[in-house]
Amino acid sequence: MKNNAFTKCTLATALVLLVSGCMEEKIDATGCWSADTKTSFLALARNGVLQALTTQSMGVNLRGLSAAEFKAILDKGLTVTADAYHVANADPKVGSLTCGANLSMQFERPDGKHFSANNAPTTFQVFKGETGHVYSIENGLSFARLINDLTSD
């Protein structure tokens, strides 16, 4: 009788583990480099770089330009690109991805002078949201790295 109860308990435990393993939702890792993710990530990254450029320029002689005029010049001449998209982590419990990519930026001043910086590793998150995916870049250190690495052509 004791052996039969042990067998039933073991089978029940195995069944629970098997069913719970099947119920865990799979995460599509290609979500780190889908077209929507790339578009959203680049928009966030560009805004972050623009904000970092604007902030770092505070107190600099803007040659008679207002802060808004200066930001408009930065906005017009700034291009941010990314490559090497990859998955860093996946959390099936909440259905989120932690992704990575390498950021690069180019800036052209109104006088035609070009500046660029490349290969700033950046991580970002893709979460499930009420109306679709939500994208987040938690750490702006890669923006500062790009700005510090700017070189003229």
Side-chain angles (χ1 to χ4, degrees), residues 13 15-153:
T13 302
L15 183 60
V16 166
L17 290 174
L18 180 64
V19 170
S20 66
C22 293
M23 293 172 59
E24 192 169 272
E25 186 177 336
K26 300 283 184 198
I27 297 177
D28 183 9
T30 62
C32 283
W33 53 85
S34 71
D36 287 343
T37 297
K38 287 181 177 183
T39 299
S40 297
F41 168 68
L42 283 173
L44 283 172
R46 187 180 187 286
N47 287 338
V49 171
L50 181 61
Q51 184 62 41
L53 277 168
T54 304
T55 301
Q56 285 195 6
S57 300
M58 299 298 257
V60 173
N61 180 357
L62 302 179
R63 298 184 181 178
L65 297 172
S66 70
E69 291 170 323
F70 181 71
K71 187 172 182 177
I73 289 171
L74 290 175
D75 189 31
K76 183 177 180 183
L78 179 64
T79 303
V80 175
T81 58
D83 64 4
Y85 288 88
H86 59 276
V87 177
N89 192 17
D91 185 347
K93 291 180 183 174
V94 295
S96 68
L97 289 168
T98 300
C99 309
N102 289 330
L103 282 179
S104 297
M105 69 173 277
Q106 297 76 39
F107 177 71
E108 182 178 356
R109 286 192 331 202
D111 65 3
K113 188 167 185 176
H114 290 86
F115 297 86
S116 62
N118 298 304
N119 299 322
T122 305
T123 57
F124 62 99
Q125 289 72 36
V126 181
F127 301 98
K128 285 185 178 181
E130 183 178 12
T131 59
H133 288 102
V134 177
Y135 304 90
S136 173
I137 300 173
E138 290 182 15
N139 188 330
L141 291 177
S142 57
F143 307 149
R145 178 177 173 190
L146 281 174
I147 294 166
N148 290 336
D149 290 350
L150 276 175
T151 56
S152 61
D153 297 341

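Reckoned from all heavy atoms, side chains included, excluding hydrogens, waters and symmetry mates. Numbers here simply count residues along the sequence, with the first being 1.
- Of all heavy-atom pairs between Phe107 and Ile73, the closest is CE1-O, 3.8 Å.
- Partners of Asp36 by side chain to side chain donor-acceptor pair (under 3.5 Å), not counting sequence neighbours: none found.
- The aromatic rings of Phe41 and Tyr85 sit perpendicular, their planes meeting at an angle over 60°, well past the 30° parallel limit.
- Sorted by first and then second residue, the salt bridge (Lys or Arg N to Asp or Glu O under 4.0 Å) pairs with a member in residues 109-118 read Arg109-Asp111; sequence neighbours excluded.
- Using a 4.5 Å cut-off on side-chain heavy atoms (C-beta onward), Lys71 and Gln51 make contact.
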**OP:** Could you walk me through whether Leu103 and Arg46 pass side chain to side chain contact (heavy atoms under 4.5 Å, CB included), step by step?
**Re:** CA-CA 10 Å; Leu103 282 179; Arg46 187 180 187 286; over 6 Å; no
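- Listed here is the closest heavy atom pair of Asn102 and Ala84: ND2-CB, 3.7 Å.
- Of all heavy-atom pairs between Ser66 and Glu69, the closest is N-OE1, 2.8 Å.
- At a threshold of 4.5 Å between non-hydrogen side-chain atoms, the residues Thr54 and Leu74 count as touching.
- Closest heavy-atom contact between Ala45 and Phe143: O-CE2, 3.8 Å.
- Within the 4.5 Å cutoff, no side-chain heavy atoms of Leu97 are placed close to those of Lys128.
- Once rounded to the nearest 0.5 Å, the distance linking OG1 of Thr81 with NZ of Lys38 reads 11.5 Å.
- Residues Pro121 and Ser142 come closest through the heavy atom pair O-CB, 3.5 Å.
- A donor-acceptor pair under 3.5 Å is formed between the side chain of Thr122 and the backbone N or O of Ala120.
- Listed by first and then second residue, the salt bridge (Lys or Arg N to Asp or Glu O under 4.0 Å) pairs that reach into residues 135-147 are Arg145-Asp149, sequence neighbours excluded.
- In plain terms, the two heavy atoms of Leu150 and Leu53 that are nearest each other are CD1-CD2, 4.5 Å.
- Although no hydrogens or angles enter the test, the distance criterion places no donor-acceptor pair under 3.5 Å between the side chain of Thr37 and the main chain of Trp33.
- Atom-to-atom distance recorded for Cys99:SG and Phe124:CZ is 4.0 Å, nearest 0.5 angstrom.
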